[in-house]
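First up is the structure itself, then whatever we jot down about it.
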Amino acid sequence: MTEDMEEALRAELSQLRQEHRDLDASIEALIETGRADAIQMQRLKKKKLCLKDRITSIEDRLLPDIIA
């Protein structure tokens, strides 16, 4: 992997982590206010899970599992 590719992955990882945190805050706010319906919550949680999967995928590419 070239340095440019690694830098691009790190930038994407940072963006995805921020989006994941933002979704988490949105979900918490909806729960606290009691204004969320079940479908909306399900969509937000599904999107959050997809982001987490993408974050894990990028982390695995950046930090390969080396058995020592």
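Each residue takes its place number in the sequence, starting with 1. Predicted model only: the values in this text are computed from it and were never measured.
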Inter-residue atom distance L13.CG - E6.CD, 0.5 Å rounding: 11.0 Å
Rounded to the nearest 0.5 angstrom, the CG-NZ distance for L51 and K46 is 13.0 Å
First locate atom CZ of R61, then atom CE of M5, and finally report the distance between them rounded to the nearest 0.5 Å. 6.0 Å
Do R43 and Q40 have side-chain N/O donor and acceptor atoms under 3.5 Å apart? no
According to a 4.5 Å side-chain heavy-atom criterion applied to Ile, Leu, Val, Met, Phe, Trp and Tyr, with indirect links allowed, do I58 and L49 form part of one hydrophobic cluster? no
Lys/Arg-Asp/Glu bridge criterion (N-O < 4.0 Å) met for E19, K47: yes
Approximate separation, where rounding is to 0.5 Å, of C50 SG and K45 NZ: 14.5 Å
Same apolar cluster (I L V M F W Y, side chains within < 4.5 Å links), I31/L23: yes
Using the rule given for side-chain contact (heavy atoms from CB on, under 4.5 Å), can you reason through K52 versus L16, listing the C-alpha separation, both sets of side-chain angles and the distance that settles it, and then say yes or no? CA-CA 8 Å; K52 183 63 177 171; L16 291 171; over 6 Å; no
Between S14 and R10 (side chain of the first, backbone of the second, donor and acceptor by atom type, cut-off under 3.5 Å), is there such a pair? no
Could you check whether atom CD of Q18 has more than 12 heavy atoms from other residues, nucleotides or ligands sitting under 6.0 Å from it? yes
Check ion pair R17-E59 (N to O, under 4.0 angstrom): yes
Counting heavy atoms not belonging to E7, are there more than 12 under 6.0 Å from its CD? no
Straight-line distance of L44 CG to E28 CD, nearest 0.5 Å: 11.5 Å
